[in-house]
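Reminder, nothing fancy here: chain letters follow the sequence lines and each chain counts from 1. Everything numeric here is computed off the predicted structure, so don't read it as measured data.
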Protein chains: 2
Amino acid sequence: MTQWVYRFGDGAAEGSAAMRDLLGGKGAGLAEMSNLGLPVPPGFTITTEVCAAYYAGDRRYPDGLADEVKSALKAVEDAVGAAFGDPAKPLLVSVRSGARASMPGMMDTILNLGLNDDTAEGLARQSGDARFAYDSYRRFIQMYADVVLGVDHHHFEELLQNHKTARGLTLDTELIADDWRELVEAYRTTVEKIVDAPFPDDVEDQLRGAIGAVFGSWMNQRAATYRRLHDIPETWGTAVNVQAMVFGNMGDDCATGVAFTRDPATGEKAIYGEYLINAQGEDVVAGIRTPWPLTLAAKHANGSPLPAMEEALPGVYADLVAVVGRLEGHYRDMQDVEFTVQRGKLWMLQTRAGKRTAQASVRIAVDMAGEELITESEALCRVDPASLDQLLHPTLDPEAPRTVLARGLPASPGAASGIAVFSADEAEDLAAQGKAVILVRAETSPEDIHGMHAARGILTSRGGMTSHAAVVARGMGRPCVCGARELRIDHHAGAFTAGGVTVKAGDVITIDGATGEVMQGAAPMIEPELSGEFATLMAWADGARALGIRANADTPADARTALEFGAEGIGLCRTEHMFFEADRIVAMREMIIAESPEARGAALAKILPMQRHDFAELFRIMAGRPVTIRLLDPPLHEFLPNSDAELAELAASTGEAFDSVRHRAAMLQEVNPMLGHRGCRLGISYPEIYEMQARAIFEAAAAVSAETGEAVTPEVMIPLIATRQEFDILKALIIAVAGRVEEETGAKLTFLVGTMIELPRAALRAGEIAEAAEFFSFGTNDLTQTTFGISRDDSASFLECYQRLGIFGRDPFVSIDVDGVGELVRIAVERGRAARPDLKLGICGEHGGDPDSIRFCQQVGLDYVSCSPYRVPIARLAAAQAALEGADEEIDAA
Amino acid sequence: MTQWVYRFGDGAAEGSAAMRDLLGGKGAGLAEMSNLGLPVPPGFTITTEVCAAYYAGDRRYPDGLADEVKSALKAVEDAVGAAFGDPAKPLLVSVRSGARASMPGMMDTILNLGLNDDTAEGLARQSGDARFAYDSYRRFIQMYADVVLGVDHHHFEELLQNHKTARGLTLDTELIADDWRELVEAYRTTVEKIVDAPFPDDVEDQLRGAIGAVFGSWMNQRAATYRRLHDIPETWGTAVNVQAMVFGNMGDDCATGVAFTRDPATGEKAIYGEYLINAQGEDVVAGIRTPWPLTLAAKHANGSPLPAMEEALPGVYADLVAVVGRLEGHYRDMQDVEFTVQRGKLWMLQTRAGKRTAQASVRIAVDMAGEELITESEALCRVDPASLDQLLHPTLDPEAPRTVLARGLPASPGAASGIAVFSADEAEDLAAQGKAVILVRAETSPEDIHGMHAARGILTSRGGMTSHAAVVARGMGRPCVCGARELRIDHHAGAFTAGGVTVKAGDVITIDGATGEVMQGAAPMIEPELSGEFATLMAWADGARALGIRANADTPADARTALEFGAEGIGLCRTEHMFFEADRIVAMREMIIAESPEARGAALAKILPMQRHDFAELFRIMAGRPVTIRLLDPPLHEFLPNSDAELAELAASTGEAFDSVRHRAAMLQEVNPMLGHRGCRLGISYPEIYEMQARAIFEAAAAVSAETGEAVTPEVMIPLIATRQEFDILKALIIAVAGRVEEETGAKLTFLVGTMIELPRAALRAGEIAEAAEFFSFGTNDLTQTTFGISRDDSASFLECYQRLGIFGRDPFVSIDVDGVGELVRIAVERGRAARPDLKLGICGEHGGDPDSIRFCQQVGLDYVSCSPYRVPIARLAAAQAALEGADEEIDAA
């Protein structure tokens with residue numbers, strides 16, 4: 001017969017930590033602590049299977065449950081020498097939910113269950129503390145009424161406030177027993193009025209009600225949404241923990257507190273926590289009273305006048321230190337515990353792995369490996385790669401107040417304050433004057449790059465996580481909030497309105513790229529600091545990972561940052577960014593409006609030496625590491641000015657008729673530029689452009705190679721290939737240019753010619769393309785756009801709705817869609833490698849810096865990932881974890 | 001040892017019709033006629049393998065060829081009793097190329113080879129006709145110099161013209177022998193001057209030169225381009241035919257002509273052709289002399305004063321009738337023959353399947369099946385489905401002169417003349433006044449639909465074969481020329497410039513949607529006529545095909561047209577087209593700018609009765625046939641006006657602030673609308689819209705079903721599904737609406753809920769989608785756009801280049817890309833059917849009307865294709881052919 005109830009108590013338990021699925025996290029922890037012989041108030045766990053059976057059986061409890069609960073309760077009574085509902089020696093219990101994973105939205109806790117008018121009086125007698133008894137009673141009524149009967153807690157807060165006002169009191173601690181007794185009456189009356197039934201006096205009814213409320217909360221809306229979003233099956237169910245109460249509020253030899261085995265903010269190996277003498281658990285966390293420091297060290301560090309537990313309750317403190325030491329050693333992780341001291345005796349109420357900051361996470365993992373508590377591999381798996389972002393960017397002081405005007409997408413991490421400016425030119429001008437600026441645009445385009453570079457942060461009202469603004473900002477390490485749709489920007493007036501406030505050019509705003517918040521005024525920042533432990537962890541990661549890590553870098557500055565963060569090469573150099581600099585854009589525009597190949601050639605000849613110089617510098621910085629250079633990709637109209645005035649200027653400078661320039665500009669406009677005349681299509685239509693770029697690459701490679709005496713092997717990448725024929729035509733062109741450069745310079749060039757795989761057709765035809773291409777780099781931004789038929793620039797308008805409804809678990813532009821886009825990648829890898837076994841495979845979409853996507857890249861067999869420089873550390877760690885997981889799976893499979 | 005040369009001659013041949021690959025089309029025909037005992041001048045064919053060997057061997061002829069040619073030539077000399085180069089009895093030969101398929105760009109013919117000063121004199125003596133001999137000689141020099149020596153023929157024409165002017169003559173026939181003799185001298189001198197070498201007098205040299213020229217022309221640029229575009233392998237090579245000359249120009253008992261066994265224009269079963277007495281072959285086709293009718297019937301029909309062959313040469317005519325009768329019976333197809341009569345004797349020079357008009361093609365196929373010359377299945381395969389377009393639309397009189405201003409894509413067949421107008425409103429106004437108008441736009445949008453409907457034809461300067469203009473025009477059966485990029489349109493001024501001409505609003509233009517030509521002024525048209533044979537053929541096609549044929553129809557008029565053309569249902573009803581009518585667009589716009597679901601609901605309530613009415617009418621017309629209705633697909637901004645003035649009007653009519661309306665309109669703008677907030681994404685964000693549409697469908701179905709007593713089973717189609725979750729959410733919504741309508745009306749509804757498969761991800765996830773969807777309709781327009789990453793609206797700018805370079809054989813928006821898009825369709829079919837074996841599968845993209853794509857649909861196992869009403873006959877025939885091919889393959893495989 002199924003066992004529905006598992007007992008635990010002082011020194012022994014029917015369950016253990018291994019039974020987390022059955023007992024839930026809290027129940028398993030209580031059982032484990034009991035087995036370790038730690039002081040745990042006796043109690044029992046009703047298993048998650050009861051919850052499952054309850055819902056499978058049309059909300060009826062399984063047979064036998066009632067009897068099991070009864071006998072488990074009897075055991076608790078025997079252990080503590082009290083009886084449930086007995087006014088003479090009343091047993092009080094807590095009822096708590098506990099699923100496998102902690103889950104917001106579910107019922108949490110009811111304390112002091114078992115109280116009614118009779119047992120409260122008994123408790124007063126027994127404890128000799130009527131104030132304690134009636135304070136406990138009113139707390140119980142409030143909690144029970146709220147979570148079981150659905151009576152909003154504001155009713156009780158009002159009654160309490162009115163009572164205090166009438167009595168001329170301000171603090172709860174000033175209330176005496178009679179105050180609480182009166183309030184209990186008032187509370188009970190209120191409950192009865194609202195639910196139209198008396199508050200239950202029968203303690204068995206109370207317990208049934210509380211258990212039912214826990215199970216009921218498993219199915220409430222918030223919990224169901226959370227489960228759907230986190231892929232938690234409904235069938236898991238929750239457990240219920242019923243446990244004898246211990247009281248931290250029975251006098252000055254009583255206390256309650258929480259402790260961490262290490263500092264959760266810094267990771268320092270020192271007990272950290274807070275407690276209160278003569279208080280019940282929620283007093284510590286509710287912020288009604290200021291909690292006191294646990295240790296003398298913390299007291300001194302903060303200059304606190306409050307007594308540390310170490311001095312106030314030295315014996316119990318020593319017990320606590322011993323207990324948490326055992327727990328950390330046992331669980332081999334930093335623990336977060338709850339405890340209560342009742343009349344000088346320590347009781348443990350919970351233990352779990354403690355939440356920690358990114359900084360603490362790194363330090364604890366590295367320290368524990370140093371202490372040989374865990375292995376280096378375990379240390380690598382203990383740190384969430386995504387959390388490293390916090391270590392690399394300034395963040396907003398979480399304590400500081402803020403006035404949030406609007407909310408957008410958290411597009412590039414870090415926070416920044418500065419004056420709002422509404423054009424890239426203005427951003428550049430003001431930044432040159434030493435001003436901190438935030439560039440505010442409806443959306444950005446390649447024309448805005450100089451302004452984005454000059455700005456401290458970027459804010460747009462349109463575009464998603466992989467819009468132009470977001471991608472460029474991440475690449476530059478600039479904080480960015482995108483798609484803040486509530487913003488009404490008036491670029492002409494130089495102002496935006498949001499949240500009823502109008503922000504004019506020159507007004508200070510703050511953006512938080514980690515939360516997407518847009519705030520009025522400046523907000524205090526915390527600057528990042530990279531610790532020695534960080535470097536240690538990164539070194540371990542490099543030793544463990546199989547994937548190579550490259551960076552997407554377009555400029556020498558990017559390349560240097562990438563190297564500092566540990567990149568092993570450049571996986572994507574977007575040459576178009578080189579065209580936007582002031583001295584080049586003019587030649588570029590001349591090239592675009594040219595009507596003949598000759599005129600185009602003349603304009604390109606002006607750009608050639610500049611590109612050659614750029615490439616040479618990249619090759620020098622990367623010192624022999626691989627550099628993948630993508631030939632021109634964006635449609636030509638992105639390089640043209642928009643206004644008639646600027647077009648007229650262009651016409652004047654080129655000697656063309658204005659009408660003709662305007663016509664050409666109009667002809668280049670596209671309905672769907674993402675699917676337009678771009679990528680290799682430009683190279684096919686205007687071979688002069690790719691010829692110039694190939695020449696710049698090869699001449700630079702020859703020059704740097706001659707300079708350094710070391711081979712430079714550029715990887716020339718053709719974008720947006722859909723057919724083998726396109727690749728063949730352009731590969732022949734590139735090889736022909738290489739031949740000419742070899743002839744002219746006498747250098748012997750080594751290089752690879754490969755392609756982006758960023759269209760579904762290229763993935764499907766990867767076999768034949770790989771016959772000609774020497775490497776593939778998956779451009780999963782565009783591949784996601786085309787596979788889903790979703791423009792990343794336009795997705796903001798429905799993405800939120802899609803995530804809310806659970807259609808997208810995560811934004812597919814942030815984390816690769818393994819089922820759809822992933823299948824295309826898998827197909828391309830299989831077909832590509834079948835045609836060319838040594839095909840080099842990488843990814844250079846934004847997914848290259850996302851840990852889940854990196855795991856996919858490892859599984860599917862890529863050689864490297866390439867991401868923005870600031871995500872390189874994340875990628876290194878994520879790659880290590882993916883490799884370790886892969887190794888585990890192999891061991892499991894063996 | 002390989003045989004390089006195959007002889008043929010009067011009554012026997014070494015080759016046959018079956019050896020077309022080896023002998024080329026012409027050589028095989030000559031051999032076959034010889035074997036049939038028909039009078040063929042003796043000769044020989046140098047095989048295509050020689051051509052292959054020639055190029056494989058660095059342009060050297062294979063060993064043994066020279067000897068084989070020599071002995072074959074000897075045999076010809078023996079047969080005709082003449083000797084090559086012998087002044088006494090000179091043998092003259094023709095040299096002609098002949099590949100497997102006739103191929104433009106290759107050398108065609110050299111006649112009279114074997115003439116020099118000596119043999120010409122001999123020929124004059126032997127024939128007793130010096131004029132004939134020297135006329136033949138100068139013809140030979142001209143042809144040989146042109147095609148072998150590269151001397152442009154205008155040199156000779158000039159000399160001839162000068163000679164005539166000097167002599168005061170106008171017609172060639174007025175020249176006497178001495179004139180030709182003098183001209184021969186002048187021709188030879190000119191050749192020597194230009195090529196810096198004397199004209200070859202050695203007849204062996206002449207023959208070698210001519211054979212070399214044929215093989216050389218196989219590799220010339222034009223032939224190479226043609227091969228690449230038609231997927232003809234270079235290795236096929238061409239054959240060379242060397243044949244004894246017979247002369248139609250030795251006197252009045254000589255003649256030359258061409259004949260068709262049936263009328264190639266009408267298909268009538270009657271010999272049709274032209275001839276000339278005392279002439280050489282090219283005189284008939286060169287248009288220098290007006291050719292005479294073959295038959296008395298033709299003479300009378302045309303009221304021609306010229307003598308028919310039937311009366312002028314009755315004996316030879318009777319021989320010809322007998323010969324061509326045997327040839328048609330033998331080849332079981334209409335033949336196109338060339339013949340020469342030399343001194344009263346008929347000689348056959350060529351036979352091949354005759355080219356014919358679409359009308360003739362249909363009639364000949366049906367007649368021949370009636371005559372039991374071929375089977376009905378063969379008859380079905382004899383007609384090119386695409387050619388039927390000519391029968392369904394007015395076409396330009398091919399004889400009429402035309403002034404072509406520009407050329408665009410042939411986007412929708414048929415031709416139309418009318419006055420140019422530059423806005424949809426104007427088009428509607430002027431059409432209402434009874435004027436024929438051509439709507440000229442840079443590109444069209446759904447807002448222009450009323451104007452497109454009112455226009456006789458549509459002309460755009462942007463967009464490809466599946467741009468909005470093209471798709472809508474084909475749907476309406478309106479001729480359309482798209483992407484005429486040379487047009488500079490000034491919509492404000494109401495004028496466009498092209499080819500140096502400015503066309504103002506009100507000027508008459510003509511467009512030819514079959515060729516893409518834009519012409520100045522009106523051009524005469526030929527109206528289509530559907531024959532009884534057409535109906536017969538269609539009935540046979542319906543009996544033979546396996547695929548169902550539906551039409552894409554949005555309006556009652558479309559639906560009626562579709563039924564007339566034989567559609568079996570509606571495969572795609574685009575409901576958005578219903579929103580653009582004047583009375584509805586206002587409510588639609590109110591709906592769009594509404595900020596709350598309630599306001600949206602109120603606006604939708606106004607649209608509901610109109611949509612219901614539309615659907616009811618469609619159901620009535622289709623009388624129980626399936627009707628697939630696609631829920632709203634285009635992004636909402638397509639429905640909003642563009643100008644501030646119109647937005648102000650909208651603001652006024654809805655009582656919203658102008659700023660707020662403008663903001664909303666701006667927010668709806670998208671960078672890539674094709675990949676934006678459209679399709680099912682609208683239904684997810686604004687469920688009210690799909691609820692209203694589902695309600696309109698179900699209420700209409702219930703009403704019509706009650707009216708007629710017959711079940712109406714609408715197929716509700718959800719567009720742009722990318723994930724199973726989207727489909728589940730919207731299917732639940734549709735079923736809920738159906739439930740409410742059933743409750744309200746008491747009707748029992750039957751319906752299907754299915755989806756478009758138009759995104760790569762949907763194709764890949766077809767298995768899970770099919771668990772919920774009852775049918776798939778492949779939207780291959782969008783699937784092609786996303787698989788290739790090419791916007792059909794923007795592809796015009798590089799498509800021409802892509803086709804020229806052979807990257808695209810055919811425009812992938814016109815004929816499905818079997819390798820890429822096709823693989824996704826195949827995957828979706830396999831996965832979909834695996835999940836749901838009775839899944840109904842169709843296609844509703846433009847490819848549904850393309851014969852090659854229909855063949856693919858048959859192979860991949862779809863149930864039906866749906867195309868624009870005007871392509872339904874094409875689809876019926878193409879489906880029949882696909883089914884017959886499939887059956888053949890099964891027989892072959894068995």
Side-chain angles (χ1 to χ4, degrees), chain A residues 442-443 461-463 467 485 488 635 659 663 666-679 681-682 684-685 720 722-723 725-726 729 758-765 768 782 785-795 797-798 801-802 805-808 817 819-821 823-824, chain B residues 442-443 461-463 467 485 488 635 659 663 666-679 681-682 684-685 720 722-723 725-726 729 758-765 768 782 785-795 797-798 801-802 805-808 817 819-821 823-824:
Chain A
E443 64 210 342
S461 60
R462 294 172 49 162
S467 61
R485 296 172 64 80
R488 294 198 181 186
D659 263 2
H663 176 67
M667 290 298 286
L668 287 171
Q669 285 306 316
E670 296 186 301
V671 181
N672 294 292
M674 155 68 203
L675 308 175
H677 194 173
R678 52 170 287 236
R681 298 161 198 167
L682 293 172
I684 299 271
S685 315
L720 215 70
T723 69
Q725 291 91 323
E726 292 167 319
I729 290 171
E758 51 188 334
L759 296 174
R761 195 179 192 282
L764 294 168
R765 304 306 296 167
E768 57 179 9
D782 281 2
Q785 295 197 81
T786 46
T787 303
F788 274 98
I790 293 181
S791 157
R792 59 191 194 182
D793 292 318
D794 301 311
S795 62
S797 57
F798 54 90
C801 171
Y802 265 49
L805 293 176
I807 296 171
F808 289 156
D817 158 47
D819 290 343
V821 176
E823 180 170 8
L824 286 174
Chain B
E443 63 213 343
S461 60
R462 295 170 50 158
S467 61
R485 296 172 64 80
R488 293 196 182 189
D659 263 2
H663 176 67
M667 290 297 287
L668 286 172
Q669 285 307 316
E670 296 186 301
V671 181
N672 295 292
M674 154 69 204
L675 308 175
H677 195 173
R678 51 170 287 233
R681 297 162 198 166
L682 293 173
I684 300 272
S685 315
L720 215 70
T723 69
Q725 291 91 323
E726 293 167 317
I729 291 171
E758 51 187 336
L759 296 174
R761 196 179 192 283
L764 294 168
R765 304 307 295 167
E768 57 179 9
D782 280 3
Q785 295 197 78
T786 47
T787 303
F788 273 97
I790 293 181
S791 158
R792 59 190 195 185
D793 292 318
D794 301 312
S795 63
S797 57
F798 53 91
C801 172
Y802 265 49
L805 292 176
I807 296 170
F808 290 156
D817 158 48
D819 290 343
V821 176
E823 180 172 5
L824 287 174

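A pairwise comparison of heavy atoms in B/Arg485 and A/Met667 identifies O-CE, 3.5 Å as the closest pair. Of all heavy-atom pairs between B/Phe798 and A/Ser685, the closest is CB-OG, 4.0 Å. The shortest non-hydrogen separation linking B/Gln785 to A/Leu675 is O-CD2, 4.4 Å. In terms of heavy atoms, A/Leu764 sits closest to B/Gly820 at CD1-O, 3.5 Å. Considering all non-hydrogen atoms of both residues, B/Pro760 and A/Thr786 come closest at CD-O, 3.4 Å.
B/Ile807 meets the side chain to side chain contact (heavy atoms under 4.5 Å, CB included) test with A/Ile684, A/Thr723, A/Gln725, A/Glu726, A/Ile729, B/Tyr802, B/Leu805; sequence neighbours excluded. Remark: A/Arg761 pairs with B/Asp817 by the side chain to side chain donor-acceptor pair (under 3.5 Å) rule, at least two apart or across chains.
If you measure heavy-atom distances from B/His677 to chain A, the contacts under 4.5 Å come from both the backbone and the side chain. For a residue to count as touching a neighbouring chain, one of its non-hydrogen atoms must lie under 4.5 Å from one of that chain's; by this rule B/Glu823 touches chain A with the side chain only. Using a 4.5 Å cut-off between heavy atoms, A/Ala442 makes no contact with chain B at all. Both the backbone and the side chain of A/Arg488 come within contact range of chain B, with heavy atoms under 4.5 Å apart. A/Arg681 touches chain B through backbone and side chain together, each having a heavy atom under 4.5 Å away.
When each of A/Glu758, A/Gln669, A/Glu768 is checked for heavy-atom pairs under 4.5 Å with chain B, A/Gln669 comes out on top.
A donor-acceptor pair under 3.5 Å is formed between the side chain of A/Asn672 and the backbone N or O of B/Met674.
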